[in-house]
Chemist: 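Would you mind keeping the following structure in view while I ask a few things?
Since the model is a prediction, treat every value here as computed from it, not as a measurement. The figures here come from the full heavy-atom set of this structure, side chains too, leaving out hydrogens, waters and symmetry mates.
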Amino acid sequence: MVTLAEAAHHLAEKLCQQQSNLEKAEQVYLNTLAVYAVNQYLQGLGFETDLESSDNHNSIMQTFLDVADLVIKNYGKLECKPVSPDAEFVYVPEEVWQDRIGYIAVQLNDSLTEAKLLGFVENVATNKLPLKQLQPMAYFPGYLQNLPIKSTDSREIAC
């Protein structure tokens with residue numbers, strides 16, 4: 001379990017306020033909490049992340065896409081999708097099926113005070129991924145360490 005501290009909610013509030021559509025603002029809020037939880041987990045394991053360079057922190061990207069990515073330095077982007085406590089599936093939009101090193105389902109409790117990382121998959125090819133298909137989080141650090149190391153420059157050129 002990851003505690004969603006006040007800082008997580010401040011960040012989510014800041015990012016969702018950039019959205020004029022209420023439904024989109026809620027999506028951004030929940031996505032931000034999921035990314036925050038995975039960021040805390042990975043930093044606790046000693047992985048270096050770059051929260052600010054993620055598309056999740058880009059208000060224009062958030063407006064047009066359903067993104068909840070986290071850049072892991074030297075590895076790539078990891079998609080962190082929120083799910084409700086009673087969910088059987090995690091929704092993964094087609095726009096994030098590429099350029100990701102993996103996908104983590106993050107269960108947010110009803111009061112949004114805690115997050116549980118349910119598991120991960122390496123690839124996705126469906127919008128509704130059954131949670132029972134997730135691999136246990138215990139395998140995730142080993143999975144990451146077996147990925148090829150990328151350049152230390154995590155910036156990407158967008159045209």
Side-chain angles (χ1 to χ4, degrees), residues 1-19 24-83 90-108 112 114-127 129 134-159:
M1 279 293 199
V2 175
T3 300
L4 296 172
E6 200 172 312
H9 290 279
H10 284 305
L11 178 60
E13 187 69 32
K14 177 184 160 194
L15 294 176
C16 85
Q17 285 178 350
Q18 299 169 11
Q19 302 300 319
K24 184 53 120 168
E26 183 180 339
Q27 178 188 81
V28 169
Y29 196 95
L30 297 176
N31 283 350
T32 302
L33 292 180
V35 171
Y36 179 91
V38 174
N39 186 57
Q40 294 298 107
Y41 167 78
L42 290 172
Q43 287 184 344
L45 293 177
F47 289 96
E48 196 175 349
T49 60
D50 187 356
L51 206 53
E52 287 74 32
S53 70
S54 300
D55 292 338
N56 182 60
H57 272 62
N58 180 325
S59 62
I60 295 168
M61 294 293 278
Q62 289 177 344
T63 299
F64 297 106
L65 303 173
D66 179 4
V67 289
D69 64 319
L70 175 62
V71 173
I72 304 172
K73 289 186 178 180
N74 302 322
Y75 295 97
K77 289 183 179 183
L78 177 67
E79 194 70 18
C80 316
K81 298 307 289 183
V83 297
V90 58
Y91 175 73
V92 184
E94 198 167 336
E95 63 239 22
V96 299
W97 290 2
Q98 305 294 321
D99 301 321
R100 299 293 190 264
I101 58 169
Y103 303 82
I104 293 181
V106 181
Q107 184 181 69
L108 302 173
L112 302 180
E114 291 184 328
K116 180 180 181 183
L117 281 55
L118 297 179
F120 76 101
V121 293
E122 297 173 32
N123 300 298
V124 172
T126 181
N127 285 26
L129 176 70
L134 297 173
Q135 296 180 55
M137 286 306 296
Y139 299 148
F140 189 71
Y143 164 70
L144 264 187
Q145 291 169 336
N146 286 321
L147 289 174
I149 299 289
K150 292 185 176 184
S151 160
T152 56
D153 186 355
S154 64
R155 291 175 291 173
E156 294 178 21
I157 298 171
C159 300

Chemist: Who are the ring-ring contact (aromatic ring centres under 6.0 Å, His included) partners of Tyr41, not counting sequence neighbours?
Modeler: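 Checked Tyr41 against ring-ring contact (aromatic ring centres under 6.0 Å, His included); zero matches.
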Chemist: Could you list the residues that satisfy side-chain hydrogen bond (donor to acceptor under 3.5 Å, both in side chains) with Lys116, not counting sequence neighbours?
Modeler: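 Expected list: none.
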Chemist: Quick one: salt bridge (charged side-chain N to carboxylate O under 4.0 Å, His left out) pairs with a partner in residues 60-72, sequence neighbours left out?
Modeler: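 Qualifying pairs: Asp66-Lys81, Asp69-Lys77.
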Chemist: Hey, are the side chains of Tyr29 and Leu15 touching, using non-hydrogen atoms and a 4.5 Å cut-off?
Modeler: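 Of all side-chain heavy-atom pairs linking Leu15 with Tyr29, none is under 4.5 Å.
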Chemist: Looking only at heavy atoms, what is the nearest atom pair of Pro82 and Leu108, with distance?
Modeler: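 Closest pair (atom of Pro82, atom of Leu108, distance): CB-CD1, 3.8 Å.
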Chemist: Can you sort out the partners of Glu114 under side-chain hydrogen bond (donor to acceptor under 3.5 Å, both in side chains), two or more places apart, ordered by chain and number?
Modeler: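 Partners of Glu114 by the side-chain hydrogen bond (donor to acceptor under 3.5 Å, both in side chains) criterion come out as none, since no residue qualifies.
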Chemist: Enumerate donor-acceptor pairs with a distance under 3.5 Å from any side-chain N or O in residues 99-107 to protein atoms, sequence neighbours excluded.
Modeler:
residue	atom	partner	partner atom	Å
Arg100	NE	Glu79	OE1	2.6
Arg100	NH2	Glu79	OE1	3.1
Tyr103	OH	Val96	O	2.6
Tyr103	OH	Trp97	O	3.2
Gln107	NE2	Pro85	O	3.2

Chemist: Report the residues that fulfil side-chain hydrogen bond (donor to acceptor under 3.5 Å, both in side chains) with Gln17, sequence neighbours left out, ordered by chain and then residue number.
Modeler: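 Per chain and number, Gln17 pairs via side-chain hydrogen bond (donor to acceptor under 3.5 Å, both in side chains) with Glu13.
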Chemist: Apply side-chain hydrogen bond (donor to acceptor under 3.5 Å, both in side chains) to Gln19 and Ser59, showing your working.
Modeler: CA-CA 8 Å; Gln19 302 300 319; Ser59 62; 5.6 Å; no
Chemist: Restricting to side-chain hydrogen bond (donor to acceptor under 3.5 Å, both in side chains), what partner residues turn up for Gln40, sequence neighbours left out?
Modeler: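 By the side-chain hydrogen bond (donor to acceptor under 3.5 Å, both in side chains) rule, Gln40 matches no residue at all.
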Chemist: According to salt bridge (charged side-chain N to carboxylate O under 4.0 Å, His left out), who are the partners of Glu48, at least two apart in sequence or on a separate chain?
Modeler: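 Here the qualifying residues are Lys73.
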Chemist: Check the pair Asn56 / Leu70 against side-chain contact (heavy atoms from CB on, under 4.5 Å), numbers first and verdict last.
Modeler: CA-CA 7 Å; Asn56 182 60; Leu70 175 62; over 6 Å; no
Chemist: By the side-chain hydrogen bond (donor to acceptor under 3.5 Å, both in side chains) test, which pairs, at least two apart or in different chains, include something from residues 136-149?
Modeler: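 Residue pairs passing side-chain hydrogen bond (donor to acceptor under 3.5 Å, both in side chains), neighbours aside: none found.
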Chemist: How far does CG of Leu51 sit from CG of Asn39, to the nearest 0.5 angstrom?
Modeler: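 Spacing of CG (Leu51) from CG (Asn39) equals 4.5 Å.
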Chemist: Can you name the one residue among Val35, Asp50, Leu11 that meets side chain to side chain contact (heavy atoms under 4.5 Å, CB included) with His57?
Modeler: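 Exactly one option meets the side chain to side chain contact (heavy atoms under 4.5 Å, CB included) with His57, and it is Leu11.
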Chemist: Using the test side chain to side chain contact (heavy atoms under 4.5 Å, CB included), find all partners of Asn58 that sit at least two apart in sequence or belong to another chain.
Modeler: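 For Asn58 the side chain to side chain contact (heavy atoms under 4.5 Å, CB included) partners, ignoring immediate neighbours, are Ile60, Met61.
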Chemist: Considering all heavy atoms of both residues, which atom of Pro141 and which atom of Phe47 are nearest to each other, and what is their separation?
Modeler: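 Smallest interatomic distance, heavy atoms only, reads O-CZ, 4.1 Å.
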Chemist: Do Leu42 and Ile72 make a side-chain contact, defined as non-hydrogen atoms from C-beta onward lying under 4.5 Å apart?
Modeler: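 Yes, close enough: below the 4.5 Å cut-off.
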Chemist: For the pair His9 (side chain) and Leu112 (backbone), establish whether a donor and an acceptor sit closer than 3.5 Å, ignoring hydrogens and angles.
Modeler: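 Yes, His9 side chain to Leu112 backbone: donor-acceptor pair under 3.5 Å.
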Chemist: For the OG1 atom of Thr3 and the OH atom of Tyr36, what is their distance to the nearest 0.5 Å?
Modeler: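 One finds 9.0 Å between OG1 of Thr3 and OH of Tyr36.
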Chemist: Could you check Thr32, Asn31, Val28 and say which one makes a side chain to side chain contact (heavy atoms under 4.5 Å, CB included) with Cys16?
Modeler: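 Of Thr32, Asn31, Val28, side chain to side chain contact (heavy atoms under 4.5 Å, CB included) with Cys16 is met by Val28 alone.
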Chemist: For Glu26, which residues count as a side chain to side chain contact (heavy atoms under 4.5 Å, CB included) partner, sequence neighbours excluded?
Modeler: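 For Glu26 the side chain to side chain contact (heavy atoms under 4.5 Å, CB included) partners, ignoring immediate neighbours, are Leu30.
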Chemist: Evaluate the criterion side-chain contact (heavy atoms from CB on, under 4.5 Å) for residue pair Gln135 and Glu122; output intermediate values, then yes/no.
Modeler: CA-CA 9 Å; Gln135 296 180 55; Glu122 297 173 32; 3.9 Å; yes
